[in-house]
Amino acid sequence: MRPARRIVSLVPSLTEALFDLGGGERVVGVTNYCISPPAAGERERVGGPRDADVERILSLHPDRVLVGREETSRSSVDALCARGADVELIDCRSYQDALELLGALGELCEQEAAAAS
């Protein structure tokens, strides 16, 4: 994943991982369900994974919007893509997928060393 300066996360576990890796300052928008870490509560709320507020997301001018295949509604993904948002669809189904995802998140927030440890 190429680096991004402004990230909206529609997946609570990805939000937490970004903060854990040291990339929390790049997270500008999160779902109503992103409660950990506490700093995530200071970010703009953009609805839930199934009822994301597309206009609010776009108003944050994200470089990347992280969505989960299982969590995020197809209509939200389609609307974001139609409006030109850079959407990254995450589909993590195995341990190997999780390891690769952590590496990719490290690249996204330029915290590769943290992701490798």
Side-chain angles (χ1 to χ4, degrees):
M1 237 181 264
R2 68 186 185 287
R5 296 279 175 209
R6 300 181 60 79
I7 303 166
V8 171
S9 174
L10 298 182
V11 183
S13 60
L14 297 181
T15 301
E16 189 169 353
L18 288 166
F19 276 88
D20 286 348
L21 290 171
E25 75 282 348
R26 295 170 188 243
V27 177
V28 296
V30 299
T31 73
N32 296 336
Y33 303 100
C34 294
I35 58 172
S36 182
E42 300 168 6
R43 302 310 189 261
E44 183 74 25
R45 298 293 177 164
V46 297
R50 301 210 186 280
D51 63 348
D53 185 334
V54 172
E55 294 302 321
R56 185 175 288 165
I57 292 168
L58 295 171
S59 76
L60 296 172
H61 306 287
D63 299 327
R64 194 79 36 78
V65 181
L66 302 179
V67 302
R69 181 176 300 278
E70 299 291 327
E71 294 94 348
T72 309
S73 73
R74 172 84 186 243
S75 62
S76 294
V77 173
D78 289 346
L80 287 164
C81 290
R83 299 281 302 274
D86 188 348
V87 174
E88 188 78 37
L89 183 63
I90 306 298
D91 188 19
C92 187
R93 296 177 184 252
S94 69
Y95 178 76
Q96 186 61 39
D97 288 349
L99 292 176
E100 291 172 11
L101 176 57
L102 284 175
L105 291 176
E107 291 173 13
L108 179 68
C109 62
E110 297 180 300
Q111 296 291 329
E112 293 91 340
S117 63

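Counting begins at 1 with the first residue of the sequence.
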Asker: Counting C-beta onward and ignoring hydrogens, is there a side-chain heavy-atom pair between Leu21 and Leu108 closer than 4.5 Å?
Answerer: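 Counting from C-beta outward, Leu21 and Leu108 never come under 4.5 Å.
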Asker: With side chain to side chain contact (heavy atoms under 4.5 Å, CB included) as the criterion, how do Leu14 and Leu101 come out once you've worked through the C-alpha distance, each side chain's angles and the decisive distance to 0.1 Å?
Answerer: CA-CA 9 Å; Leu14 297 181; Leu101 176 57; 3.6 Å; yes
Asker: Looking only at non-hydrogen atoms, find the nearest pair between Ala85 and Val65 and report the distance.
Answerer: CB-CG2, 4.4 Å
Asker: Who passes side-chain contact (heavy atoms from CB on, under 4.5 Å) against Asp86, sequence neighbours left out?
Answerer: Arg2, Arg64
Asker: Measure the CD-CG distance between Gln111 and Leu105 for me, rounded to the nearest 0.5 Å.
Answerer: 11.5 Å
Asker: So, applying side chain to side chain contact (heavy atoms under 4.5 Å, CB included) with Val30, which one of Thr15, Ile7, Val11 is it?
Answerer: Thr15
Asker: Would Leu10 and Ile57 count as a side chain to side chain contact (heavy atoms under 4.5 Å, CB included) if you check the C-alpha gap in whole Å, the side-chain angles of each, and the deciding distance to 0.1 Å?
Answerer: CA-CA 10 Å; Leu10 298 182; Ile57 292 168; 4.1 Å; yes
Asker: Name all residues meeting the side-chain contact (heavy atoms from CB on, under 4.5 Å) criterion together with Arg6; count only those two or more places apart in sequence or in a different chain, and write none if there are none.
Answerer: Val28, Leu60, His61, Asp63
Asker: Under a 4.5 Å side-chain heavy-atom rule over Ile, Leu, Val, Met, Phe, Trp and Tyr, are Leu58 and Val46 clustered together?
Answerer: yes
Asker: Rounded at 0.5 Å granularity, tell me how far CG in Asp78 sits from CZ in Arg74.
Answerer: 4.5 Å
Asker: Any chance you could lay out the side chain to side chain contact (heavy atoms under 4.5 Å, CB included) test for Met1 and Ile90, step after step, and finish with the verdict?
Answerer: CA-CA 11 Å; Met1 237 181 264; Ile90 306 298; 4.0 Å; yes
Asker: Is Leu66 reachable from Val77 through a run of I, L, V, M, F, W or Y residues, each pair having side-chain heavy atoms under 4.5 Å apart?
Answerer: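 Different hydrophobic clusters.
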Asker: Given the rule in the side chain to side chain contact (heavy atoms under 4.5 Å, CB included) test, do Arg43 and Phe19 qualify, once you have shown the distances and angles that lead to the verdict?
Answerer: CA-CA 12 Å; Arg43 302 310 189 261; Phe19 276 88; 3.6 Å; yes
Asker: For the atom pair CG (Asp20) and SG (Cys109), what is the distance rounded to the nearest 0.5 Å?
Answerer: 10.5 Å
Asker: Holding to side chain to side chain donor-acceptor pair (under 3.5 Å), I want the full list of residues that pass it with Glu55, two or more places apart in sequence or in another chain.
Answerer: Arg83
Asker: Do any N or O atoms from the side chain of Arg26 and from the backbone of Glu110 form a donor-acceptor pair under 3.5 angstrom?
Answerer: no
Asker: Checking Ser117 now: which residues fulfil side-chain contact (heavy atoms from CB on, under 4.5 Å) with it, not counting sequence neighbours?
Answerer: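 Result, side-chain contact (heavy atoms from CB on, under 4.5 Å) vs Ser117: none returned.
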Asker: Check whether more than 12 heavy atoms from other residues, nucleotides or ligands sit under 6.0 Å from atom CG of Leu99, and answer yes or no.
Answerer: yes
Asker: For Asp91 and Asp97, work out which heavy atoms get closest and say how close.
Answerer: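 That would be O-OD2, 3.9 Å.
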Asker: Using the test side chain to side chain donor-acceptor pair (under 3.5 Å), find all partners of Arg50 that sit at least two apart in sequence or belong to another chain.
Answerer: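 Here no residue qualifies.
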Asker: Check side chain to side chain donor-acceptor pair (under 3.5 Å) between Glu100 and all other residues, then give those that pass, not counting sequence neighbours.
Answerer: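 Glu100 satisfies side chain to side chain donor-acceptor pair (under 3.5 Å) with Gln96 once adjacent residues are dropped.
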Asker: Any idea which heavy atoms bring Gly103 and Ala115 closest together, and the distance?
Answerer: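 For Gly103 and Ala115, the tightest heavy-atom pair comes out as CA-CB, 4.2 Å.
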Asker: With a 4.5 Å cut-off on side-chain heavy atoms, are Ile35 and Pro12 touching?
Answerer: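 Pro12 vs Ile35: side chains apart.
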Asker: Can you check whether Cys34's main-chain N or O pairs, donor with acceptor, with Arg45's side chain at less than 3.5 Å?
Answerer: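 Yes; judged by distance alone, with no hydrogens or angles, the pair exists.
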